[in-house]
Structure formats: C-alpha cells, structure tokens
Amino acid sequence: QVQLVESGGGLVQAGGSLRLSCTASGSTASIKAMAWYRQAPGKQREMVATISNGDAPDYQDSVKGRFTCSRDNAKNTVYLEMNSLKPEDTAVYYCRVDSTEIRAEGVTWAVIYWGQGTQVTVSS
C-alpha cells in the first residue's frame, strides 16, 4: 500500500509561482510512475505532468515551458514547479502514483493511488 501526502497549494496572483510536493510512503519500491493531475470545477480531471522511472517528464501542452516536474527517488517525492501561473491553472491538483502489488498466486496487479488534492487558485 502507498500513502500520498500533497502540499504546496495556495492563492497567488497571475504570473506568480508555486511549488507542489507529493511524498509517498509505504510500499514505495513498487512505484512505476508519478504524475500530477488537476481538476477544475465543471471539468474533467486532466493530466498535467507525468514522470516514469528513468524517463524524462511529459507535460500537457498548456503547461509546457511553465511547469517543471521533477522526482527525488531517495525522498519518494515528486515536485511540480509552476511558474508564470495563469487563472486558467486554477484547479485542485492531485498527485497520482502508478504502482504494482503482488496478489494471490503471484499475480501482479497494477494499482493507482491518488493524493488528497491541493487547491491552486490563481487570481487575475
């Protein structure tokens, strides 16, 4: 089992910056990828940035050049550095972890864990 704790959300003016953190604990050795999603009111949850083991991060087009996702494996933490924030970035940001678990008869299952969400509000 993996537990996720997010932090770093807040209220900023357009053009400002925030740094989100998501720290995993528990069965962290089985983590395959970590990612950031966001969900604004009335909209579907969308991927913001993903970073898999040993790979460079991928970003949603709307945040490329503004957001930077990094991962500290020693700390089991993924970060999202958000710069040049826009009001359209306002959303609840969720940390997502893709992991695996060994179930009965040695079968490996893919498991997704979600953080509690942290509110990011960008005012104009």
Side-chain angles (χ1 to χ4, degrees):
Q1 189 177 31
V2 174
Q3 297 81 41
L4 304 176
V5 178
E6 300 180 34
S7 63
L11 173 64
V12 297
Q13 292 185 332
S17 300
L18 285 173
R19 190 191 193 204
L20 306 183
S21 299
C22 176
T23 299
S25 61
S27 302
T28 57
S30 61
I31 293 175
K32 303 301 180 183
M34 304 184 77
W36 289 99
Y37 283 67
R38 67 186 181 187
Q39 187 168 23
K43 296 184 178 180
Q44 297 182 3
R45 187 172 298 185
E46 63 181 2
M47 187 273 291
V48 178
T50 63
I51 181 167
S52 301
N53 294 351
D55 295 330
D58 294 323
Y59 301 95
Q60 181 193 114
D61 288 342
S62 66
V63 307
K64 288 182 178 178
R66 300 189 298 119
F67 291 10
T68 301
C69 182
S70 60
R71 181 176 174 181
D72 187 335
N73 291 329
K75 298 180 178 179
N76 298 310
T77 299
V78 62
Y79 305 94
L80 186 66
E81 182 74 29
M82 304 183 294
N83 300 311
S84 301
L85 283 163
K86 305 175 181 180
E88 64 193 62
D89 295 318
T90 295
V92 177
Y93 284 69
Y94 296 92
C95 178
R96 165 176 162 159
V97 162
D98 289 3
S99 187
T100 60
E101 293 183 358
I102 305 299
R103 303 283 179 88
E105 300 178 353
V107 177
T108 300
W109 290 70
V111 183
I112 297 173
Y113 297 95
W114 292 96
Q116 81 278 9
T118 183
Q119 177 71 50
V120 172
T121 302
V122 184
S123 64
S124 59

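Bear in mind the structure is a predicted one, so any value in this text is a computation, not a measurement.
- Between the CZ atom in Arg38 and the CE atom in Met82 there is a gap of 9.0 Å [rounded to 0.5 Å].
- Contact check on Arg103 versus Glu101 returns a salt bridge, with a Lys/Arg side-chain nitrogen under 4.0 Å from an Asp/Glu carboxylate oxygen.
- Using a 3.5 Å distance cut-off with no hydrogens or angles, the side chains of Asn83 and Ser17 do pair a donor with an acceptor.
- Screening residues 30-59 for disulfide (SG to SG under 2.5 Å) gives no qualifying pairs among residues at least two apart or on separate chains.
- By the criterion of side-chain heavy atoms lying less than 4.5 angstrom apart, applied directly or through intervening Ile, Leu, Val, Met, Phe, Trp or Tyr residues, Val12 is not grouped with Val92; the two fall into different hydrophobic clusters.
- Interatomic distance, Met34 CE to Asn73 CG, rounded to the nearest 0.5 Å: 8.5 Å.
- A donor-acceptor distance shorter than 3.5 angstrom exists from the side chain of Glu6 to the backbone of Gly117, with no hydrogens or angles considered.
- By the 4.5 Å heavy-atom criterion applied to side chains, Val120 and Leu18 are counted as neighbours.
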Residues Thr68, Tyr59; criterion side-chain contact (heavy atoms from CB on, under 4.5 Å); working and verdict: CA-CA 8 Å; Thr68 301; Tyr59 301 95; 3.9 Å; yes
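- Scanning all heavy atoms of the two residues, the minimum distance from Ala49 to Leu80 falls at CB-CD1, 4.2 Å.
- Trp114 and Tyr37 have perpendicular rings, their planes meeting at more than 60° on a 0 to 90° scale where under 30° would count as parallel.
- Between the side chain of Thr118 and the main chain of Gly9, a donor-acceptor pair closer than 3.5 Å is present.
- By the rule that hydrophobic residues join a cluster once side-chain heavy atoms approach within less than 4.5 Å of another member, Met47 and Ile112 end up as members of one cluster.
- The pair Asp61-Lys64 meets the salt-bridge criterion, since a charged nitrogen lies less than 4.0 angstrom from a carboxylate oxygen.
- Here the shortest heavy-atom pairing between Ser124 and Ala14 reads CA-CB, 4.5 Å.
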Evaluate the side-chain hydrogen bond (donor to acceptor under 3.5 Å, both in side chains) criterion for residues Thr108 and Thr100: first the C-alpha distance (whole Å), next the side-chain angles of each, then the deciding distance (0.1 Å), finally the verdict. CA-CA 6 Å; Thr108 300; Thr100 60; over 6 Å; no
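- Taking each heavy atom of Thr77 and Ser21 in turn, the nearest pair found is CG2-CB, 4.4 Å.
- What you find for Leu85 and Arg66 is that their closest heavy atoms are CA-NH1, 3.9 Å.
- Atom CD of Gln60 is separated from atom CZ of Phe67 by 8.5 Å, given to the nearest 0.5 angstrom.
- One distance of note links OG of Ser123 with CD of Gln13; it measures 5.0 Å at 0.5 Å rounding.
- The backbone N or O of Pro87 sits less than 3.5 Å from a side-chain atom of Thr90, completing a donor-acceptor pair.
- Leu4 and Cys95 get closest at one heavy-atom pair: CD1-O, 3.9 Å.
- A pairwise comparison of heavy atoms in Val48 and Tyr93 identifies CG2-CE2, 4.2 Å as the closest pair.
- Counted by atom type alone, Asn76 and Arg71 present zero donor-acceptor pairs between their side chains at under 3.5 Å.
- A cation-pi arrangement, defined by a distance under 6.0 Å to the six-membered ring centre and an angle within 45 degrees of its axis, is present between Arg45 and Tyr94.
- Grouping the Ile, Leu, Val, Met, Phe, Trp and Tyr side chains by contacts below 4.5 angstrom, directly or via other members, places Val63 apart from Tyr79.
- Residue pairs satisfying the disulfide (SG to SG under 2.5 Å) criterion with at least one member in residues 56-86, sequence neighbours excluded, are absent.
- Here Trp36 contributes atom CH2 and Glu46 contributes atom CD; the two are 14.5 Å apart, rounded to the nearest 0.5 Å.
- A continuous path of ILVMFWY side-chain contacts below 4.5 Å connects Val2 to Leu20, so both sit in one hydrophobic cluster.
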Verify side-chain hydrogen bond (donor to acceptor under 3.5 Å, both in side chains) between Ser99 and Ser30, making sure each step is shown before the conclusion. CA-CA 5 Å; Ser99 187; Ser30 61; 2.6 Å; yes
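- In this view, Asp98 and Arg96 satisfy the salt bridge (Lys or Arg N to Asp or Glu O under 4.0 Å) rule, not counting sequence neighbours.
- The backbone N or O of Ser52 lies less than 3.5 Å from no partner atom in the side chain of Asp55, so there is not a single donor-acceptor pair.
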